[in-house]
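Comments concern the structure below.
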There are 4 protein chains.
Amino acid sequence: MTDIATTPLTERGRRTRDALVAAARRVFEERGYAATRMQDVAAEAGVSHGTVYTWFPGKDELLREVTHAIVGEVVDAARERPREATSADPYPRLAGATRRFLVGYRRNARMLAVVEEAASADPEWTGVLDELREIYVTRTRRTLRRLQAEGHAPADIDPDVAAPALTGMVETFARRSATDPTTTDSDVEQLTRLWARAVGLTVPNHD
Amino acid sequence: MTDIATTPLTERGRRTRDALVAAARRVFEERGYAATRMQDVAAEAGVSHGTVYTWFPGKDELLREVTHAIVGEVVDAARERPREATSADPYPRLAGATRRFLVGYRRNARMLAVVEEAASADPEWTGVLDELREIYVTRTRRTLRRLQAEGHAPADIDPDVAAPALTGMVETFARRSATDPTTTDSDVEQLTRLWARAVGLTVPNHD
Amino acid sequence: MTDIATTPLTERGRRTRDALVAAARRVFEERGYAATRMQDVAAEAGVSHGTVYTWFPGKDELLREVTHAIVGEVVDAARERPREATSADPYPRLAGATRRFLVGYRRNARMLAVVEEAASADPEWTGVLDELREIYVTRTRRTLRRLQAEGHAPADIDPDVAAPALTGMVETFARRSATDPTTTDSDVEQLTRLWARAVGLTVPNHD
Amino acid sequence: MTDIATTPLTERGRRTRDALVAAARRVFEERGYAATRMQDVAAEAGVSHGTVYTWFPGKDELLREVTHAIVGEVVDAARERPREATSADPYPRLAGATRRFLVGYRRNARMLAVVEEAASADPEWTGVLDELREIYVTRTRRTLRRLQAEGHAPADIDPDVAAPALTGMVETFARRSATDPTTTDSDVEQLTRLWARAVGLTVPNHD
DNA sequence: TATGAATGAGCCTTCATTCAT
DNA sequence: GATGAATGAAGGCTCATTCAT
């Protein structure tokens, strides 16, 4: 289903293929798309570089497979329904969601940048990027709609505009904090406040 | 002063060099960094490919020069002091600023993506990106501080966190609307509201 | 051990690599260093030009490898202990040595000139040249010391000066005779006499 | 007469042309033939690099002109008839000649190597080299013949073989001492002795 | 004459991909 | 399935030479 190229028939084949996908992700994240040579991926996976072509038709498909894996992870993560989601007070709910979003996004931030790099050279990748982002945006849109339905957020907000915009804000923050290790909890708190106020929530005073 | 490589000594040289920078920008925007061949830039500028090397040591410097030009543009644009800046009511002031930001950013969005592509392959470019972004962020930080000083924005907002986050939000919006021609004025209005509410401003009701 | 770049793992690889070194030597000798294109070497070895880079990082390393091979040959040749070396009369001993020197040198004369060419453009090669020459000079120095110890040569000769000078004389002669096919045995006899007289040996009269 | 390319018609032209020849020699000696760019020569001469082509059709002719100048110098130097040439005792005569040879050769050693480099890439230059060397060899041949005629040197020496061989010896020594500044007078004395003994002269004992 | 710019042939090198074993 | 080798298209860059002014 998620296969892009050859499906392994043996256990050994499956292991090799998985190792290649994992290796590819590491190397792509480390060097970017263009600067990654098939050679590097093979070496990282501990196989001969001819072997990559046993499992993938080419470099593109390798990236596509890695991206696919990310989509899977993200979708899975989105499925989690943690406790606080049922809380009545929207602010702590939001705080938890933001924190989770940041954690999840940070895991994939570098690969997103890599896909963006690929898209810069070949617009075909734009679709993949949009697809990935749409997962995040959809979640946010749903959140906004719920807040409006519950009377927490004003009706004059258009979720179709606000969702991508707010996601973009958190994305940018996440991307930066993915590199910058000085990000503190208070920074995350600040981000949550901006988000909350932007959609009309009342922000608790204690700080 | 803004020279990165060779300075032309004659009028003809200056014209050629300028044509090359302009051509490079067009081609970079069209194809991205990696996919741009020196040949393409030369052809676009209407000169032999050897001529590019008369003025620039290599592809890197060409990109650096184009980026330099953008920084110049952006700084110049930031210098403009339009009428509404003096208005007492912060919301229209903000609306104008957002609109101007979008217009300015859209002009450079594609090149920023190109630099990002270059940075993905060679981290050396990260610095250039940061420098460019800092220009926008600094402006926003200043705006936030003024709003706080004037009592329009609450004191619990940390401009050092909020400025990059909000800039990121507008950046993302701008990037998307740079490609998507369906962006309407009402979308911009939505963005302005988010921004305004996020920093605690009162948003006019009529819409 | 003698590897400079990649070591072949298969028989086929070894054959290709060896063919490349041999081809490189032929082409270098034919055209000189600068005028030799990687293309030429590849063609001479009967492989695609990309294959050269499978085994050598660049042109430099190719020359280095060829030179390495020569050093090996020369050292091996120097190891031979022919009969006449044990003769009591120094002159026939010298005559034999000179002849062998000429034969050996002639085999490498052209490549030495090539390295000299490379050294002229890039002084880094000077070291390689010195190393090669030192092999010859050391042998001569040893010969001189033995002659002095045996009382055949006067003590006022300084082997450290005479060895390079006499080696230079034979080198020059060899280089010229490498190109000039009119060199006769009597020429070699003349050279031997000069050498012998220069270090004070008695020269037989019959000629 | 010694002109290879354009003859200057004005004083200014003559100065430029001379400056170019001098500059070319310096740069050739510094970097070798291949590594010298016309640009470098022009810069060294303090003119625009287009100007080189006003006076010389190309790089080859520039080298040819420099070499020509050297031939002139050498011929002029050979013309000098110093006092000791008339001395009856051949050894001091020889010592003086050797010293002069060394001095003269050292001045041109590097350029000879450069021509040799050019010859390595293009055999056409071999002729120029031979011509230059022949000047030295001829002088030595004449010296040998005189020594034989005067009964100082044995008749079994063939000046046609000995002259190039001995010249080669001194050449090698000179080349090495041109780079190596540790050459002492006693080294020169050693060289003279080898030379003298090689041609059968009696060498004075005091050392 | 001199200058500064433009030209373009030519070379080295990289690396995705193919292939024989 | 895996391996190591071979391939060759493609592109960056240099620099001798030409040219307009």
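All values reported here derive from a predicted model rather than from experimental measurement.
Leu20(C) has its CG atom 13 Å from the P atom of dA5(F), to the nearest Å. The distance from atom CD of Gln39(B) to atom P of dC13(F) is 13 Å, rounded to the nearest whole Å. Taking atom NZ of Lys59(C) as the reference point, atom P of dC13(F) lies 19 Å away to the nearest angstrom. The distance from atom CG of Leu62(C) to atom C1' of dT13(E) is 14 Å, rounded to the nearest whole Å. The CZ-P distance, from Arg14(C) to dG4(F), rounds to 17 Å in whole Å. Following rounding to the nearest Å, Tyr33(C) (OH) and dC11(E) (C1') show an atom-to-atom distance of 12 Å. Protein atom CZ of Phe56(A) is 16 Å distant from nucleotide atom P of dT18(E), rounded to whole Å. Rounded to an integer number of Å, the gap from Met38(D) CE to dT3(E) P is 15 Å.
Contact annotation: Thr16(C) reaches the phosphate of dA6(F) (side-chain N/O to OP1 or OP2, under 4.0 Å). Checking the phosphate oxygens (OP1, OP2) of dA2(F), a side-chain nitrogen or oxygen of Trp55(A) falls inside 4.0 Å. One finds a side-chain N or O of Arg37(D) lying less than 4.0 angstrom from the OP1 or OP2 phosphate oxygen of dC15(F). For the pair Tyr53(A) and dT17(E), the criterion of a side-chain N or O lying under 4.0 Å from OP1 or OP2 is met.
Both distances falling under 3.5 Å, in either a Watson-Crick or a G-U wobble arrangement, place dT18(F) opposite dA5(E).
Salt bridge status for Arg25(D) with Glu73(D): present, with a side-chain N to carboxylate O gap under 4.0 Å. Between Asp18(D) and Arg15(D) there is no salt bridge, since no side-chain N of the basic residue sits under 4.0 Å from a carboxylate O of the acidic one. One finds no salt bridge joining Glu116(A) and Arg110(A) here, because no Lys/Arg side-chain nitrogen approaches an Asp/Glu carboxylate oxygen to under 4.0 Å. Comment: Glu30(A) does not engage Arg26(A) in a salt bridge, judged by the lack of any side-chain N to carboxylate O separation of less than 4.0 angstrom.
Within 4.0 Å of Thr10(C), counting heavy atoms only, lie sugar-phosphate atoms of the nucleic acid but no base atom.
Side-chain proximity of Pro8(B) to the nucleotides dT17(E), dA5(E), dC12(E) is greatest for dA5(E). Distances from the side chain of Val47(D) to the nucleotides dT3(E), dT17(E), dA5(F) place dT3(E) closest.
Take the nearest nucleotide of DNA chain E for Gly50(A) and for Asp60(C): the residue whose nucleotide is more 5' is Asp60(C). Taking for each of Thr36(B) and Leu9(C) the nucleotide of DNA chain F with the nearest heavy atom, the 5'-most of the two is the partner of Leu9(C). A residue-by-residue look at Arg12(C) and Thr54(B) shows that Arg12(C) has its nearest nucleotide of DNA chain F further toward the 5' end.
Side chains of Glu117(B) and Glu117(A) form a contact here, defined as non-hydrogen atoms less than 4.5 Å apart.
Judged by distance alone, with hydrogens and angles left aside, His49(B) brings a side-chain donor or acceptor within reach of the base of dA9(E), the pair sitting under 3.5 Å. A donor and an acceptor atom sit less than 3.5 Å apart, one in the side chain of Ser48(A) and one in the base of dG4(F).
Across all non-hydrogen atoms, the minimal contact from Leu62(D) to Phe28(D) is C-CE1, 4.3 Å.
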